[in-house]
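First comes the structure, then the notes that go with it.
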Amino acid sequence: MNHLQQLIKKISIKSSTKILMVVLDGLGGVLSPETGKSELESASIPNLDALARKSHCGLIIPVERGITPGSGPAHLSLFGYDPVEYDIGRGVLEALGIGFPLEKDDLACRANFATWDGNVITDRRAGRIPTEKNRKLCSLLQENITEIENIQVIIRPGKGHRFVVIFRGRGLHANLTENDPQKEGHSPIAIKARDKESEFSGAIINKFILKFLDVEKKNPEEFSPANYVLMRGFSHCPDIPSMEEIYKLNSAAIATYPMYRGLAQLVGMDILSCKGESIEDEISTLKEQYDKFDFFYFHIKETDALGEDGNFKGKVQSLEKIDRYVPQLVDMKPDVLIITGDHSTPSVLKSHSWHPVPILIYSKFMPSHAVNGFSEKECLHGSLGIFHSSEIMSIAMANALKLAKYGA
């Protein structure tokens with residue numbers, strides 16, 4: 001627990017006020033060489049622009065300047081946790097996100113179905129195969145791979161091209177490299193142990209990959225185009241203080257992707273189910289559950305996916321679609337409304353990046369401060385300046401009147 005959380009734990013108080021944190025995954029961008037504008041600057045977002053003019057705005061740094069964050073550390077920072085102190089692997093988050101009951105010694109891994117030509121990875125996401133195909137492939141793998149050297153292997157489907165592998169047994173350690181080259185056109189990287197303790201785990205996982213390839217070779221039609229596996233985020237379940245313990249918040253998460261539900265569960269949020277996966281379904285859930293909680297984490301994924309695909313126009317259109325729902329969020333009348341991203345995912349880079357992320361915080365105790373809209377350029381001139389994501393919660397708590405005075 002960092003010093004700010006320790007302080008907030010001392011002075012936080014329960015109240016009936018509500019905080020709504022809306023996270024547009026991969027929100028931030030950089031200028032397109034063709035247009036000279038970012039996705040936010042290119043989008044027609046009148047509702048976000050109007051809200052920004054009534055809010056305090058700024059740019060947030062998820063970890064440190066120049067550091068490109070994964071989704072896990074970026075989100076932990078949004079929730080006020082030090083992402084360096086709590087280095088939580090993607091495997092644990094994916095496993096929790098699908099509701100898998102991890103045991104203390106389980107070694108969890110996030111896996112991607114991918115496409116390779118026998119030499120290099122041609123598509124890290126196997127064309128974003130449908131979830132139904134994912135389920136069939138995981139079932140086939142599980143039928144054929146149940147144990148490796150007395151280590152139980154548990155395979156569970158996630159969403160799209162993602163799935164989870166849990167290795168259960170004694171002597172497993174997580175200090176391993178990953179085989180994902182992070183870019184197409186590169187060969188998979190050998191998984192290696194970074195310390196002697198993890199050598200056994202590394203050997204088990206490399207054998208799992210060979211078994212995967214053996215199953216794929218016997219079933220080539222079923223596995224096309226998902227004929228390879230990329231494995232990363234090896235991790236054990238950590239001990240982390242809850243949002244209720246630190247902030248005295250009754251908190252809930254609305255997210256359609258497993259990993260983000262896993263993150264929320266890890267910090268003690270209730271995970272709310274949606275009837276579907278659209279923004280309409282998420283807002284419907286928010287309205288139905290609004291009276292039951294005083295903090296909501298509301299996650300929208302598609303902005304990040306489009307950025308990673310290098311789809312500048314698609315990300316612009318996604319922002320414009322999201323903008324149409326902003327009045328409904330405002331009409332809920334949260335005492336504090338936060339709209340931001342966990343990290344930047346510029347379409348130009350087709351990946352997460354180190355660039356600061358726009359944020360607006362709307363509250364009746366934070367009068368407007370001379371920005372003309374919601375974009376990287378405008379938020380740079382906002383009253384909040386550039387600050388660390390881990391400070392958002394203290395600002396939100398203060399404006400929700402959930403913090404007592406510190407000291408005499």
Side-chain angles (χ1 to χ4, degrees), residues 2-5 8 19-30 38-41 45 48-49 51-86 243 247 260 263-264 267 295-301 303-304 307 315 319 322 326 329 334 336-346 349 351-363 366 368-371 373-400:
N2 61 33
H3 75 281
L4 183 55
Q5 283 185 317
I8 291 176
I19 301 170
L20 172 57
M21 176 183 284
V22 180
V23 179
L24 312 184
D25 205 299
L27 172 66
V30 297
S38 71
E39 296 93 334
L40 271 172
E41 291 173 326
I45 47 173
L48 281 167
D49 287 341
L51 185 60
R53 287 192 286 269
K54 297 188 291 184
S55 304
H56 276 217
C57 297
L59 294 171
I60 52 173
I61 299 171
V63 181
E64 293 290 348
R65 294 175 189 268
I67 303 299
T68 297
S71 296
H75 269 82
L76 284 177
S77 192
L78 288 176
F79 302 149
Y81 295 81
D82 182 342
V84 177
E85 178 183 358
Y86 297 106
M243 298 274 283
Y247 304 112
Y260 307 99
L263 275 162
V267 297
F295 178 92
F296 289 92
Y297 156 57
F298 188 100
H299 179 265
I300 298 174
K301 173 63 177 174
T303 37
D304 179 59
K315 187 174 176 182
L319 290 166
I322 292 166
V326 169
L329 299 174
V336 180
L337 173 58
I338 303 159
I339 299 181
T340 188
D342 52 344
H343 53 75
S344 292
T345 306
L349 294 176
S351 66
H352 294 198
S353 78
W354 61 94
H355 299 90
V357 186
I359 182 172
L360 68 80
I361 302 180
Y362 176 70
S363 160
M366 295 184 76
S368 59
H369 182 82
V371 298
F374 190 58
S375 69
E376 296 84 0
K377 186 182 295 184
E378 289 296 327
C379 287
L380 177 62
H381 303 296
S383 59
L384 294 174
I386 301 176
F387 64 106
H388 282 96
S389 305
S390 57
E391 298 175 50
I392 294 171
M393 284 301 299
S394 60
I395 298 171
M397 292 282 290
N399 281 275

With sequence neighbours left out, the residues meeting side chain to side chain donor-acceptor pair (under 3.5 Å) with Ser383 are His56

Do the rings of Phe79 and Tyr297 sit parallel, tilted or perpendicular, given the 30° and 60° boundaries?
perpendicular

Mind checking ring pair (Phe, Tyr, Trp, His ring centres under 6.0 Å) for Phe296 and listing every partner two or more places apart, or none if nothing turns up?
Tyr290, Phe293

Taking every non-hydrogen atom, the tightest pair across Gly80 and Asn2
O-ND2, 3.4 Å

Nearest heavy-atom neighbours spanning Ile8 and Ser394:
CD1-CB, 3.6 Å

Ser77 (side chain) donor-acceptor with Ala74 (main chain) under 3.5 angstrom:
no

Any side-chain heavy-atom pair from Met243 and Met393 closer than 4.5 angstrom?
yes

Ring pair (Phe, Tyr, Trp, His ring centres under 6.0 Å) involving Tyr362 - partner list, sequence neighbours excluded
none

Separation between CD1 of Ile60 and OG1 of Thr340, rounded to the nearest 0.5 Å:
3.5 Å

Taking salt bridge (Lys or Arg N to Asp or Glu O under 4.0 Å) as the test, write out the residues that go with Asp25, two or more places apart.
none

Taking the side chain as every heavy atom from C-beta outward, state whether Val267 and Leu76 have any pair of such atoms under 4.5 Å apart.
yes

Under the 3.5 angstrom rule, does the side chain of Lys315 hit a backbone N or O of Thr345 as a donor-acceptor pair?
yes

Side chain to side chain contact (heavy atoms under 4.5 Å, CB included) evaluation trace for Ile392 with Met21
CA-CA 10 Å; Ile392 294 171; Met21 176 183 284; 4.0 Å; yes

Minimal heavy-atom distance between Val30 and Pro346, with the atoms involved, is CG2-CB, 3.6 Å

Check Val63 against Pro69 and note the closest heavy-atom contact, atom names and distance.
CG2-CB, 3.8 Å

How many angstroms lie between atom CD of Gln5 and atom OH of Tyr81, to the nearest 0.5 angstrom?
6.0 Å

How far does CG of Leu40 sit from CG of Leu48, to the nearest 0.5 angstrom?
8.0 Å

Side chains of Thr303 and Glu39: closer than 4.5 Å at any heavy-atom pair?
no

Closest approach of Arg65 to Ile386 (non-hydrogen atoms, all atoms of both residues):
NH2-CG2, 4.0 Å

Taking side chain as C-beta onward, heavy atoms only, is Leu59 less than 4.5 Å from Leu384?
no

Side-chain (Glu378) to main-chain (Ser375) donor-acceptor, under 3.5 angstrom:
no

Starting at OG of Ser71, measure out to NE2 of His352 and round the result to the nearest 0.5 Å.
4.0 Å

Is the shortest side-chain heavy-atom distance between Val22 and Ile322 below 4.5 Å?
no

Compare all side-chain heavy atoms of His343 with those of Asp304 and state whether any distance is below 4.5 angstrom.
yes

Test of understanding: with side chain to side chain donor-acceptor pair (under 3.5 Å), list the residues that count as partners of Glu85, not counting sequence neighbours.
none

Taking His299 for its side chain and Val23 for its backbone only, find out whether a donor-acceptor pair lies under 3.5 Å.
no

First locate atom CE of Met397, then atom OH of Tyr247, and finally report the distance between them rounded to the nearest 0.5 Å.
7.5 Å

Could you tell me which non-hydrogen atom of Ile45 sits nearest to which non-hydrogen atom of Phe374, and how far apart they are?
CD1-O, 3.6 Å

Taking side chain as C-beta onward, heavy atoms only, is Leu27 less than 4.5 Å from Ile339?
no

Contacts table for residues 353-361: side-chain donor-acceptor under 3.5 angstrom, sequence neighbours left out:
unit_1	atom_1	unit_2	atom_2	d
Ser353	OG	His355	N	3.4
Ser353	OG	His355	ND1	2.7

In Å and rounded to the nearest 0.5 Å, what is the CD1 to CD1 distance from Ile395 to Ile19?
11.5 Å

